[in-house]
Amino acid sequence: MQDTRRPNGERWRAPYATDPAATRGRLIPEPGSPTRSDFQRDRDRIIHSTAFRRLKHKTQVFVHHEGDHYRTRLTHSLEVSQIARALARALGLDEDLAEALALSHDLGHTCFGHTGEDALDACMAPFGGFDHNAQTLRIVTRLERRYAGFDGLNLTWETLEGLVKHNGPLLTAEGLPTPRYAERGIPAAILEYDAVNPLDIALHAGPEAQAAALADDIAYAAHDLDDGLRAGLFDLSDLDAVPFLAGLLDEIATLHPGLESARVVHELARRVITRFVEDVIRESERRIATLDPKTVADIHAAGAPVVAFSPAIEAADAEVMRFLWKRMYRDPSVMAVREQAASIVSDLFTAFKADPSRMPPEWSADLAQASEPRIARRIADYIAGMTDTYAVLAHRKLFAATPELERSPPSRGLPLAEP
């Protein structure tokens, strides 16, 4: 692949990148901005949205009050956006679109992380279930109500397409749901929007969405290791069970013998990010050279992602995630809090379904004669938008006892002063 990079870190856009000047536009036409591209406007609307601000108090793995230094959905999204921009710049993609997708990819997550989503999905099973990816689409196309001329954020086609398909196509070449949706079907919210503004759900997303998806994986691997070590769920010595991490720790020990553990943890996290990012760039350049795409349409039509890990790093990432699954996500102390958080979500859903007027007036309005599925979806929208803090307070107003959502041992922080 010809190297057309400009010096001093200036931006460049490859011919296969998504060009904001060639956008398919917005569902509700709007005049352009004299100072920002359409993708820059999308990014800015996402940052200024109510849903984005709520991420500050939404759980990543640990509930937010467990410690100030644990990741929340907001800090995770910021970290993903940094990695997505780095990948986009190196590959000549549109950085603004990659950043918009990274910042918005978790907008549909509920309170209490995946625990909240699982609990809400169980409550919504008779009514089509709950899917955070579909919820993100609902938020940016319907639930954000701030602008005079439309509901949602009226984002460009490219941003919406990337949000819906950043993890891959939703339909196979035969028109059947892909494995992720094979059992329950594609969520109704996605199908309903696709009927109005087709998102080519049988094709791969653009390269910027693929970069954002890999950035999400990279941030998870590096920063969940950091949070798990801080929480005392495992020690640095336990990481010897993962050859990829053991090699990085050996490198750190060789370069910095006797380094204090807090600095070792940071050196490890930054090396995980660096190795993964550099691998994605090399592997993606190789795939792009093989495909030789002339336009972004060639990326969409490719039978596989062009932004990807090499097989070796894909295996290393899987090793790290298996370790985290066993030692962090399924640790008994974490699972105990998960069960308590799930009960809060289930209790709230049951209470609101029995009496929708328990929700604020703007959420309970027009439900007196509504169908059961419509009422359930309204309740799901309300609960999904809650932060951890708001959900706990709402539960306390309705129930005599509310779980404390605390785990032990306490987190291990950095020293605040020199010894």
Side-chain angles (χ1 to χ4, degrees), residues 57-67 69-73 75-77 79-80 105-106 108-125 129-133 167 179-180 183-184 213 216-246 248-249 265 268-269 272 276 309 313-347 384 388 391-392 403-412:
H57 290 301
K58 287 194 175 188
T59 292
Q60 181 69 14
V61 175
F62 300 103
V63 290
H64 77 275
H65 65 263
E66 285 284 317
H69 298 139
Y70 292 126
R71 270 75 184 182
T72 66
R73 285 287 171 193
T75 58
H76 168 71
S77 296
E79 290 165 345
V80 173
H105 81 285
D106 271 355
H109 271 289
T110 67
C111 49
F112 309 127
H114 287 286
T115 298
E117 178 175 2
D118 292 344
L120 193 53
D121 184 41
C123 293
M124 288 293 294
F130 179 86
D131 176 88
H132 77 265
N133 206 35
N167 288 321
R180 179 181 178 185
E183 181 178 349
R184 301 172 61 176
D216 188 24
D217 291 345
I218 293 169
Y220 261 121
H223 296 139
D224 283 1
L225 284 169
D226 186 356
D227 281 351
L229 287 162
R230 181 182 296 275
L233 293 171
F234 47 84
D235 294 312
L236 285 167
S237 60
D238 295 323
L239 302 183
D240 287 338
V242 183
F244 172 74
L245 299 178
L248 296 180
L249 289 171
V265 172
L268 175 66
V272 170
F276 281 10
F309 288 130
I313 290 298
E314 185 174 29
D317 180 53
E319 284 183 351
V320 172
M321 297 311 293
R322 280 193 295 270
F323 176 88
L324 289 171
W325 184 266
K326 179 179 179 181
R327 298 297 301 271
M328 184 173 181
Y329 309 141
R330 288 298 179 264
D331 178 86
S333 67
V334 174
M335 291 300 294
V337 177
R338 281 179 57 105
E339 291 176 7
Q340 294 174 330
S343 71
I344 290 177
V345 172
S346 299
D347 288 348
D388 297 7
V392 169
E404 292 298 325
L405 301 181
E406 293 180 354
R407 57 169 295 277
S408 60
S411 65
R412 299 178 293 189

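Model, not experiment: these values are computed from the prediction.
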Audit row: Ile344, Leu405, side-chain contact (heavy atoms from CB on, under 4.5 Å) steps and yes/no: CA-CA 10 Å; Ile344 290 177; Leu405 301 181; 3.9 Å; yes
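- We find the CD-CD distance between Gln340 and Glu404 to be 8.5 Å, quoted to the nearest 0.5 Å.
- For the atom pair CG (Leu249) and OG (Ser237), the distance works out to 9.5 Å, reported to the nearest 0.5 Å.
- The shortest heavy-atom contact between Arg180 and Asn133 is NH2-CB, 4.0 Å.
- Interatomic distance, Leu245 CG to Glu319 CD, rounded to the nearest 0.5 Å: 8.0 Å.
- A pairwise comparison of heavy atoms in Ser346 and Cys123 identifies CA-SG, 3.9 Å as the closest pair.
- Here the side chain of Thr115 pairs no donor or acceptor atom with the backbone of Ala342 at under 3.5 angstrom.
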Phe112 and Val392: CA distance, side-chain angles, deciding distance, side-chain contact (heavy atoms from CB on, under 4.5 Å) verdict: CA-CA 10 Å; Phe112 309 127; Val392 169; 4.1 Å; yes
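- Note that CG of Leu225 and CG of Leu236 are 10.0 Å apart. Values are rounded to the nearest 0.5 Å.
- A donor-acceptor pair under 3.5 Å links the side-chain atoms of Asp238 to the main chain of Asp235, judged by distance alone.
- The line from CG of Leu239 to CG of Leu248 is 10.0 Å long, rounded to the nearest 0.5 Å.
- Between the side chain of Asp121 and the backbone N or O of Gly129, no donor-acceptor pair lies under 3.5 Å.
- Across Val345 and Cys111, no two heavy atoms sit closer than the pair CG2-SG, 4.1 Å.
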Worked verdict on Ile218 versus Asp317 for side-chain contact (heavy atoms from CB on, under 4.5 Å): CA-CA 8 Å; Ile218 293 169; Asp317 180 53; over 6 Å; no
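- Rounding to the nearest 0.5 angstrom, the gap separating the CD atom in Glu117 from the CE atom in Met124 is 12.5 Å.
- Between Phe244 and Phe276, the two ring planes are parallel [angle under 30°; tilted spans 30° to 60°].
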Steps toward side-chain contact (heavy atoms from CB on, under 4.5 Å) verdict (His223, Thr75): CA-CA 10 Å; His223 296 139; Thr75 58; over 6 Å; no
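- Taking the six-membered ring where tryptophan is involved, the planes of Tyr220 and His76 are tilted, since the angle between them lies from 30° to 60°.
- Exactly one residue among Arg327, Lys326, Met321 makes a side chain to side chain contact (heavy atoms under 4.5 Å, CB included) with Leu324. That residue is Met321.
- Nearest heavy atom pair, residue Lys58 against residue Thr110, reads CD-O, 3.7 Å.
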